[in-house]
Amino acid sequence: MASAFEYAPAPESRSVVDIAPSYGLFIDGEFTEAADGKVFKTVSPSTEEVLSEVAQAGAEDVDRAVAAARRAFVKWSALPGSERAKYLFRIARIIQERSRELAVLETLDNGKPIKETRDTDLPLVAAHFFYYAGWADKLGHAGLGADPRPLGVAGQVIPWNFPLLMLAWKIAPALATGNTVVLKPAETTPLSALFFADICRQAGLPRGVVNILPGYGDTGAALVAHPDVDKVAFTGSTAVGKAIARQVAGTRKKVTLELGGKGANIVFDDAPIDQAVEGIVTGIFFNQGQVCCAGSRLLVQESVQEELLDSLKRRLSTLRLGDPLDKNTDIGAINSAEQLTRINALVEQGEAEGAERWSPACELPSSGYWFAPTLFTNVTQAHTVARDEIFGPVLSVLTFRTPDEAVAKANNTQYGLSAGIWTEKGSRILAVANKLRAGVVWSNTFNKFDPTSPFGGYKESGYGREGGRHGLEAYLDV
């Protein structure tokens, strides 16, 4: 006898997402093959399974996409802000409606745990579109002049660590301010951007307003260099950011760069240890440490070092590493074999330089790209693991005695993206935060984001701000 009830797939089930065998470029509202017919494969980092075959954009495709965006700009920029807002609100609602599908897709293509894509990434993606939809008809009240005008065509290049969220950070303010977009997703995570292209069609967005060009570094370079691109937005490595800055120097292009980081997480002796430990774990092991603003340097006051490290090691021993689609998983897969090789090389260098390595007992899956959560103690500021961005689940522990020493060590880096402060004294939080050369300083928390708050860095972490009212300026002629 058939059951009276039918069970729907679990929220984490792969069956909620339908991945096609192949995808084209999204140009002028249609999916199309690359001009030279080139394709590449996108692989699931947790299993090394080929998910799909994707068209690889070349210079000719960049020309087509920029031309489509230029044509669309004429009508899109002329729309009243209230009309543009309707499209953004519609996109935000569709993202919410398809959030289960998109969360599973992001986990499959990126390797991060489903509880992160489901509970953090997707809600923030929708929130950014809702937030900037609200700004679209209020640009004259943003403090940027009475009638700020859009720049034109925005060329945007995003990384693989937060594929859909970085897309939202870039596209939402660009569209709200009346610009059109050509976006290149990372070659290891192109699928969510291509699914977003389908969402644009579902929302009835005019043709050419958003164009998606999967490809490798040469695709991004061609987009950045294109003479008809008015605005460049890049999130990624500092080395590539420097190359972009050199490339656009002397041109009329407006540029924002969000680059690497080596964030300091400072724990004072009066901090609530258990709360601080949770913040430390969130700061460095969220998304396997593949976060530009990760708290990858732990600065702990000497008097509580032993107590905090004991507690931290106990907590790391409870983290679960494994299948990213399991809602109980804490540590997912490293995004690619290339990134895993880089992490291994830097960790081995840290050991060779005399830092003491520790990881909890952790069985790694036989297929996929995996790295156990790792601590380094006996670290000095001269060690490579304290200076270089590892971009993996690796925490370097240093100590300090006084607040001034903590500030000096926190600022002793070429980066300046993020920092955290743990203390019960509000006066100390304000005093220390004011001296830290970091774009974002969290107090008694870490890795908390909100679309109303600007984000960006100093020094080799880039320039410009994304998010909040400040994020509008990057896309307006002020």
Side-chain angles (χ1 to χ4, degrees), residues 110 120-121 124-125 127-128 131-132 151 154-174 177 179 181-186 189 193 217 220-221 223-224 229 231-249 253-264 283 286-287 289-296 335 339 388-391 413-419 436-442 446-476:
N110 171 275
T120 300
D121 291 23
L124 279 172
V125 169
H128 271 82
Y131 176 73
Y132 281 110
L151 295 171
Q156 303 174 328
V157 181
I158 60 173
W160 46 259
N161 56 339
F162 292 93
L164 200 54
L165 183 56
M166 292 297 100
L167 176 149
W169 280 25
K170 300 286 188 293
I171 290 182
T177 49
N179 300 274
V181 167
V182 181
L183 178 136
K184 190 202 89 70
T189 54
L223 178 59
V224 168
V229 166
K231 153 73 181 176
V232 173
F234 172 77
T235 297
S237 73
T238 295
V240 175
K242 288 180 177 180
I244 289 173
R246 287 191 292 266
Q247 192 172 27
V248 302
K253 295 176 184 177
K254 198 168 183 177
V255 184
T256 49
L257 301 173
E258 195 264 280
L259 310 175
K262 194 70 178 176
F286 178 73
N287 194 19
Q290 299 169 135
V291 184
C292 297
C293 57
S296 52
N335 180 252
Q339 181 59 23
D388 290 4
E389 184 180 38
I390 298 174
F391 223 62
T413 173
Q414 70 265 41
Y415 300 110
L417 193 55
S418 68
L436 293 174
R437 195 66 171 158
V440 178
V441 180
W442 286 288
F446 211 93
N447 273 343
K448 296 295 183 184
F449 297 96
D450 189 280
T452 66
S453 180
F455 181 88
Y458 295 98
K459 298 187 284 188
E460 292 192 10
S461 288
Y463 47 80
R465 294 294 181 263
E466 294 180 301
R469 180 181 61 83
H470 304 70
L472 297 166
E473 183 177 0
Y475 291 94
L476 291 170

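Because the structure is a prediction, the values reported are computed rather than measured.
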- Message: Set out, in order, the CA-CA distance, both residues' side-chain angles and the distance that settles side-chain contact (heavy atoms from CB on, under 4.5 Å) for K262 and I390, then state yes or no.
- Response: CA-CA 9 Å; K262 194 70 178 176; I390 298 174; 4.0 Å; yes
For [X] and [Y], indicate whether the former's side chain and the latter's backbone hold a donor-acceptor pair under 3.5 Å.
X	Y	answer
N161	N287	no
K231	N179	no
T238	G260	yes
R465	G457	yes
K459	L417	no
N110	N335	no
E258	T235	no

Taking the side chain as everything from C-beta on, heavy atoms only, tell me whether [X] gets closer than 4.5 Å to [Y].
X	Y	value
L183	L167	yes
Y131	D450	no
W442	C293	yes
M166	P159	yes
V229	L223	yes
I171	Q156	yes

How many angstroms lie between [atom1] in [X] and [atom2] in [Y], if you round to the nearest 0.5 Å?
X	Y	atom1	atom2	result
T452	Y132	OG1	OH	9.0 Å
Y463	L257	OH	CG	4.0 Å
H128	E466	NE2	CD	8.5 Å

- Test side-chain contact (heavy atoms from CB on, under 4.5 Å) on Q290 and Q339 and set out the steps. CA-CA 10 Å; Q290 299 169 135; Q339 181 59 23; 3.9 Å; yes
- Is the gap between the ring centers of W169 and F455 under 6.0 Å? yes
- Do K448 and S453 have a side chain donor and acceptor closer than 3.5 Å? no
- Item | Check against side-chain contact (heavy atoms from CB on, under 4.5 Å), L124 and F449 | CA-CA 8 Å; L124 279 172; F449 297 96; 4.1 Å; yes
